[in-house]
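Okay, so here's the structure we're looking at.
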Amino acid sequence: MKKGDHLFLVDGSAYIFRAYHALPPLTRKSDGLPVGAVSGFCNMLWKLVEESRDTSVGVAPTHFAVIFDHSSTTFRNELYDQYKANRTAPPEDLVPQFAVIREAVRAFDLPCIEKQGYEADDLIATYTKQAIAAGGDVTIVSSDKDLMQLVGPGVILYDQMKDKRLGPEEVKEKFGVYPEKMIDLQALVGDTSDNVPGVPGIGPKTAAQLLDDYGDLETLLERAEEIKQAKRRENLIAFAEQARLSKRLVTLDCDMPLDTPLDDLFLNEPDGEKLIAFLKAMEFTTLTRRVAATLAVSASDVETAKIDVDAPVRGPDLDPAAASRPAAVGAGEDGAPRLALVPAMLVESRKGEAAAASFDHSAYLTIRDEAALRDFLAEATETGILAFDTETDALSAMNGKLVGVSFAVSPGRAAYVPLGHVSPNGEADLLSDKSVEEEIGPQIPLETALAVLKPVLEDPAILKVGQNTKYDYLVMLRHGIVVAPFDDTMLISYALDASASLSGHGMDELSERFLGHKPISFKDLCGSGRNARPIAACEIERVTHYAAEDADVTLRLWRVLTPRLAAEGLASVYERLEKPLMPVLARMEERGIMVDRQILSRLSGRFAQKQGGLEAEIAELAGEEFNPGSPKQLGEILFGKLGLPGGKKTKGGQWSTDVKVLEELAAEGHPLPSKIVEWRQLTKLKGTYTDTLPNHMDQRGRIHTSYSMASTTTGRLSSSEPNLQNIPVRTEEGRAIRTAFVAPEGKKLVSADYSQIELRILAHIADIPQLKQAFVEGLDIHAMTASEMFGVPVEGMPSDVRRRAKAINFGIIYGISAFGLANQLAIPREEAGLYIRRYFERFPGIRDYMDATKAFAKQHGYVETLFGRRVHYPDIKSPNASMRAFNERAAINAPIQGTAADVIRRAMIRMEGALDEAGLAAKMLLQVHDELIFEVPDDEVEATLPLVAKIMAEAPLPRVNLSVPLVVDAKAADNWEAAH
DNA sequence: GTGGTCTCCTA
DNA sequence: GTAGGAGACCACA
């Protein structure tokens, strides 16, 4: 080794674990030997070898070694017997792969280094030191922070997965200190995965700051007395020895004896035949092909190597008969039409068909040219059915770029059309002279594909079937295609099986439930966390398996689920309440709502200032620095250190510190709890709203939420990323956030909301004469209730009496319990029980309704809204009393909440058409359960308000004619706060 | 990094 | 007492 030489040291053990976790469990096809980690390892190593052959980069290695840990006990265990004591044994299916991976390294003709009693890190440290001494450079291929201490002149760390090279500046950026202080930093912080203790309460941020202030660990420990923060000071003093021990544990040994001298690590030209023989034996076809191409060796000429593996695990045999086994009764093409005359028969036959289904990934097509695409889509013209699914590079349909589309025309007949795939090697490939096409194969140009797809996706004679179609609809909408007509398996499932106990209506879940098949998960394809990579950079063959399978599964689900709609009388729910709402919501999401960034940032500033003041006061009152955001620490301060009374415990056995508890303490005259309450409120508003909302804004200053149509049991929508259905309104400070929701120049925001819709629906369903009368007369319903219950005249009623009645009214809707009402009103449970009894005496119809609903739910297993939406409560017959009671309350609430949800859905579905017909340009932007927000041109506000109110008020008609009026308040203003 | 717990925002 | 989503913290890998 001499000046100018370059040593690559691969942290092999870390590599193995990354490869293992990055890839789905894979087995060798012929004998079931687990080879997932081997495969990942070989791919990574090959990429590295390939990169290093590229001399143009100027970092090509002259020396190369792969370093492994040899055993679990090292000299560090003599220093500290707990070192790495919390490590668990490697996964069972990984163990047999260790030996194979060493074989792999030898097949690559690379030195494979390990030594008893030392960790790979020590070997790496020693080789690094020697190489630098000899005048060479070193690249350590790893991202382990334990190795950061080695970074310095001539030494960098290379994170291959992220394609990142770390020098001293990058280490500083990541950890706040330069590499030479990494050891001290690690000694302070400790390492949970290696069981290095460190100093309690010191994290990376604090450690970096301390080292910055005091220079090094020893100085810091000697001068610990000077530290202001009490807890920090105490810990540094108490745990000084522990820090010194930690330092010795994390310090790498760079002078260990080496069995293989540095100069023997000279890099050889890989022996193509040896490598290919090994890869063939492993049955890594793709990598074999790639290696063969690069090294110019014909893979078919090379004989497969004999790999000795002890006791390969044999997987279950595929049943070759399964595919040809006759489908269940009635599923045959001959029998089906006859049986299908009755919906229930069709349901049965389709169930049989689904149960007999088998999936063959290798049968899926990858379509790479226009002609093939046209041919495939022509099959849909024949059948009239086309399942389709889009793959994009982002989770949200509003941001995602189209990467590919997949189709299925009949069970098992599916294809994937890659459109926006890129090289799996990312930027590294810019340096090679191979074009993307040469590397990953041809793709149809996006515009060409869209031109072919448009007439099909818009063809009224072809039913497009999707799963969560709002996503695909939006993606295509952004490419100028309006998908129609369509069916949505998620929405069908939701209409059929909305249930409190079933978890959801996602495709994977439905597939397992109805097809008995677990599809390839997105994680399997693209990995997760740090190993995640964009789908566009995944191997197209694998994406085909994944994406075409999704379309195939969707089509099969559609075949099983659709007949049930008619058979179970739920077609109208699906056709009238679900399907037509999807495009409406898609358009609302696409529009987004305009937000004033300045207002939010001003609020953030104001909140931050108050927050800072409060933090100082809190520390003062507590007598020490602590994190007021940690309920655990707060509980210890309040009830432990300060010894305040009235502590309650939560489920987790900790002190409860919610607002109620804190307010009780405040009422007793303690100053700290009220400061905490105030701090929490500000932190919440700042952290959840004013700081976060700007991150969701697009270039035009608009926020696009995403509505989920199938994630509540009752039929309500939910909103996420961001959730715009929980923007504060209760407090003045919170309401200020709503002033940031604005309309652009020349327009106003209109908010229209139903007044007391759930109580009105309750009055109608339970048929309560007094309530109905009060609504007809337009009285104050809570005051009326109070008057009935407590005999207090409405005129001059004390606000507290009305407040109680209001709480009871809400309680009824929620399936009242004495416990809950007592909690809400902060009164004894006996008193709450008394109120409830009196309520039932005054309004006996309510009790009848509740009893009847419970009985219905027990008998049928579900309850229904006025529009026929069903919500299932299988657990209402649970032997567990509290679970039963919970289901009873939910069953009482669901028809009320669900009917209200149905009503506003109907209004939304009709709204666009009505506005259109009236020649109004108002655009619906948001829904918040009983409120709709519109953007309206200034000069149309006057005409829009009454129309919107009318559509909303008349939404139940003609299907349901409520015996109470629905009242809608509509208002226009410059921002949401003023319009509400 | 992931998942659970706690807290808090809405109708 | 109903129905949601989300951020922060913390223990576990």
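Chain A is the first sequence line, chain B the second, and so forth, proteins listed ahead of strands; every chain is numbered from 1.
- One interatomic measurement links the two molecules: CG of A:D930 to P of C:dA3, which rounds to 17 Å at whole-angstrom precision.
- Among the heavy atoms of the strands, none lies under 4.0 Å from A:E931.
- Heavy atoms of A:A532 sit nowhere under 4.0 angstrom from any nucleic acid atom.
- Note on A:T713: only backbone sugar-phosphate atoms sit closer than 4.0 angstrom, heavy atoms only; bases stay farther off.
- Nearest heavy atom pair, residue A:T713 against residue A:Y494, reads C-OH, 4.4 Å.
- As judged by a 4.0 angstrom heavy-atom cut-off over every strand, A:R716 is placed among the base-contacting residues.
- In this structure, A:T683 reaches neither bases nor backbone, as no heavy-atom distance under 4.0 Å exists between it and the strands shown.
- For A:L502, the CG atom counts as densely surrounded, since its 6.0 Å shell holds more than 12 non-hydrogen atoms of other residues, nucleotides or ligands.
- Between the side chain of A:Q725 and the base of B:dT10, no donor-acceptor pair under 3.5 Å is found.
- Between the CD1 atom of A:I737 and the P atom of C:dA6 there is a distance of 16 Å, rounded to whole Å.
- Across all strands, A:E721 comes closer than 4.0 Å only to sugar-phosphate atoms, never to a base (heavy-atom distances).
- In this structure, A:S630 reaches the C:dC10 phosphate: one of its side-chain N or O atoms is under 4.0 Å from OP1 or OP2.
- For the residue pair A:S521 / A:D524, a side-chain donor-acceptor distance below 3.5 Å is found, with atom types taken as modelled.
- Among the atoms of the strands shown, base atoms are found under 4.0 Å from some heavy atom of A:G811.
- Within the 4.0 angstrom heavy-atom criterion, no nucleotide atom of any strand lies near A:D753.
- For A:N726, no side-chain nitrogen or oxygen approaches OP1 or OP2 of C:dA6 to under 4.0 Å.
- Residue-environment remark: CZ (A:R735) exceeds the threshold of 12 foreign heavy atoms within 6.0 Å.
- Within 4.0 Å (heavy atoms only), A:I727 reaches sugar-phosphate atoms of the nucleic acid but no base atom.
- Across all strands shown, A:I813 has no heavy atoms under 4.0 Å from either base or sugar-phosphate atoms.
- Contact of A:K684 with B:dC8 (side chain to base): a donor-acceptor pair of N or O atoms is detected under 3.5 Å.
- Side-chain atoms of A:N723 lie closest to C:dG4 of the nucleotides C:dG4, C:dA11, C:dG7.
- Within 4.0 Å (heavy atoms only), A:S817 reaches at least one base atom of the nucleic acid.
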